[in-house]
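Right, one structure below, let's go through it.
Note that the numbering runs from 1 along the sequence shown for the chain. Just so it is clear, the structure is predicted and the values come from calculations on it, not from any experiment.
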Amino acid sequence: MSAPTCTRPARATLDGVDIRLPWWALALPVLAFVALLLLILNPADAHAATDQPAAVAHLLEWLRHLTAG
């Protein structure tokens, strides 16, 4: 019994290849890199994240209640 064989598609010519990325495909990684770089350069501004441990605990408690049903 013979099995059907798959034929390979014809190779596209490289003359007509044109790859374009949307603007955000480059903008978002650059924005993230700049934000992290600014945090490294000025860590004094990062203290605001440690001032609110109760808010994080409240959020985790809310998520626990939400998933418990």
Side-chain angles (χ1 to χ4, degrees):
M1 172 182 255
S2 64
T5 58
C6 296
T7 59
R8 293 184 180 201
R11 293 185 64 188
T13 61
L14 296 177
D15 297 335
V17 174
D18 187 22
I19 299 174
R20 294 181 189 251
L21 292 175
W23 64 270
W24 50 264
L26 184 62
L28 290 180
V30 168
L31 182 66
F33 177 77
V34 169
L36 291 174
L37 184 63
L38 289 175
L39 282 176
I40 290 171
L41 292 177
N42 195 4
D45 292 338
H47 69 84
T50 61
D51 290 343
Q52 303 271 341
V56 174
H58 179 69
L59 176 66
L60 292 175
E61 185 67 23
W62 178 77
L63 285 173
R64 189 179 67 82
H65 284 293
L66 185 66
T67 56

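Remark: Trp24 pairs with Pro22, Leu28 by the side chain to side chain contact (heavy atoms under 4.5 Å, CB included) rule, at least two apart or across chains. With sequence neighbours excluded, the residues satisfying side chain to side chain contact (heavy atoms under 4.5 Å, CB included) with Leu37 are Phe33, Leu41.
Hydrophobic side-chain contacts under 4.5 Å tie Leu31 to no other Ile, Leu, Val, Met, Phe, Trp or Tyr residue. Membership of an apolar cluster is not assigned to Leu21, as no side-chain contact below 4.5 Å to another ILVMFWY residue is traced.
Residue pairs meeting the salt bridge (charged side-chain N to carboxylate O under 4.0 Å, His left out) criterion with at least one partner in residues 19-31, sequence neighbours excluded, are Asp18-Arg20.
Atom CD of residue Glu61 and atom CG of residue Leu66 lie 12.0 Å apart, to the nearest 0.5 angstrom.
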